[in-house]
Protein chains: 2
Amino acid sequence: MTYCVGMLLDQGLVLMSDTRTNSGVDNISVFRKMHSWTVPDERIITVMTAGNLATTQNVIGLLEERNKAPEERLNSLLTAPTMFEVASMVGKLLRETIARSNATNGQQAASTFTASIIVAGQIKGMQPRLFLVYPEGNFIEASADTPFFQIGETKYGRPIILRGYDPAMSFEDAVKLLMVSFDSTIKANLSVGPPLDLMVIEKDRFEPLHQRRVDAQDPYFLAVSAGWSEALKNAFHALPDYSLYSK
Amino acid sequence: MTYCVGMLLDQGLVLMSDTRTNSGVDNISVFRKMHSWTVPDERIITVMTAGNLATTQNVIGLLEERNKAPEERLNSLLTAPTMFEVASMVGKLLRETIARSNATNGQQAASTFTASIIVAGQIKGMQPRLFLVYPEGNFIEASADTPFFQIGETKYGRPIILRGYDPAMSFEDAVKLLMVSFDSTIKANLSVGPPLDLMVIEKDRFEPLHQRRVDAQDPYFLAVSAGWSEALKNAFHALPDYSLYSK
């Protein structure tokens, strides 16, 4: 499994992904699931992937190839006129990759090669945008009503984001919120694990404002993890007490 | 879907279940998923069910029938010598019910009729015990290492139980913890909904210490739901702040 979250804020975008991949519990590896491309002063595009690793690596590989081959530049992420076009392109590559894997494998179940991709970024002159691309190649865009997307093992970490998210929050608070959400998921599910990749994209900057890998020994992540247990206990005790006997 | 939790505490057992059943989002009903039998001063047995409603109702119906027919009393929950025997009996009925549904439906997928059951209770002279019965009819028992079981839509409400559970906690705190866990689940997933059924079983009492239905307008549930948002915000702000610029 995997856990990736993309959040659209008033100030920009905050993205976090884990790096654990597994094919059974005895075959666990670390792979980067966050990939980013920038054209200085013009565009920044970041994608995060969940699902079959061969599928997602193939899509990322094809995106990379197009950026490099001069005759393909017209079709590339680096020249697409809008983020909508970028999401369309990623969706088309994803759908084609899954279809090819299924075709060459005969009776194999369609779900085996499935994957989902979060596409985030900004192109000069337009707003930062956030998309969720489905295995079928279609996609949805984040809006004020649904301002964040999760892919992979999404349930454990969802309640805290539902409660904590605010579009006006600072980047620092958004990172903190994601750290808590990832910590809750990692504690509950073996298939999600550190290190985590973090990227903060400030509006109109066209390069990451902040980008780093958060490993399992990261002092801030450890402080959040330990502090959250304590803070939750305090929160819990701050709630009114139940009475078995009144009522 | 469904959400049920059974917790084993030093003082006894605390059980909570929702009541929503759905077959598609346009076919939502309310059904009780918690069923209890007592023999005064001798035993109390409570089961909670998740999964296919026809399957679980059939199992509950068969358990009820056996309690009523005098010649079947030897096979009934009310005469089983141990909770282990009770769990075995529930498992056998569950497996047989699923097998019968599959057999009469030819090619139907096995998973369609699947269900899981939490069995909790105490028989005089023995400790309170808590079991999770699988669709295959086999089961596991809660222990000090795994002191609670969830069935149904378990993921949203799991992190808070992992953080908050303590075997020495009071019944009041355990009820509060379950209210928070159910509230988080209900907020995140349409297939889990109030009213909730709550039962507290004190060790060596052989009747419920406390039992009630918590509806959507229940003042305590509303207070927890509203208070938890506030408490989480405070907990969140109590955590150390992230810095984008230091390291």
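Naming: A, B, ... by sequence-line order, numbering from 1 per chain.
- Rounding to the nearest 0.5 Å places OG of Ser170(A) at 8.0 Å from CG of Leu244(B).
- Interatomic distance, OG1 of Thr185(B) versus CZ of Arg158(A), reported as 12.5 Å (0.5 Å rounding).
- Interatomic distance, OG of Ser243(B) versus NE2 of His210(A), reported as 7.5 Å (0.5 Å rounding).
- Salt-bridge annotation for Asp166(A) and Lys233(B): absent, with no side-chain N of the basic residue lying under 4.0 Å from a carboxylate O of the acidic one.
- When heavy atoms are compared at a cutoff of 4.5 Å, Leu209(A) approaches chain B solely by way of its side chain, counted from C-beta outward.
- Inter-residue side-chain proximity for Asp173(B) and Phe236(A) is flagged as met; some heavy-atom pair is nearer than 4.5 Å.
- The shortest distance between side-chain heavy atoms of Glu172(B) and Asp241(A) does not fall below 4.5 Å.
- With chain A as the partner, the residue from Val180(B), Ile160(B), Leu177(B) showing the most heavy-atom pairs under 4.5 Å is Leu177(B).
- In this structure, chain A has no heavy atom under 4.5 Å from any part of Glu230(B).
- No more than 12 heavy atoms of other residues, nucleotides or ligands lie within 6.0 Å of CG in Leu190(A), so this atom counts as exposed by the packing criterion.
- With chain B as partner, the option from Ala188(A), Ser184(A), Ser229(A), Ala238(A) having the largest number of non-hydrogen pairs under 4.5 angstrom is Ser229(A).
- Side-chain contact between Arg163(A) and Trp228(B) is present, with heavy atoms from C-beta onward closer than 4.5 Å.
- Of the two parts of Val224(A), the backbone and the side chain both hold a non-hydrogen atom closer than 4.5 Å to a non-hydrogen atom of chain B.
- Here the closest heavy-atom approach between residue Leu232(B) and residue Ala235(A) is recorded as N-CB, 4.5 Å.
- Inter-residue side-chain proximity for Asn234(A) and Asn234(B) is flagged as unmet; no heavy-atom pair is nearer than 4.5 Å.
- Between Tyr242(A) and Tyr220(B), the gap from one ring centroid to the other is short of 6.0 Å.
- Across all their heavy atoms, Leu239(A) and Lys176(B) have their closest contact at O-NZ, 3.1 Å.
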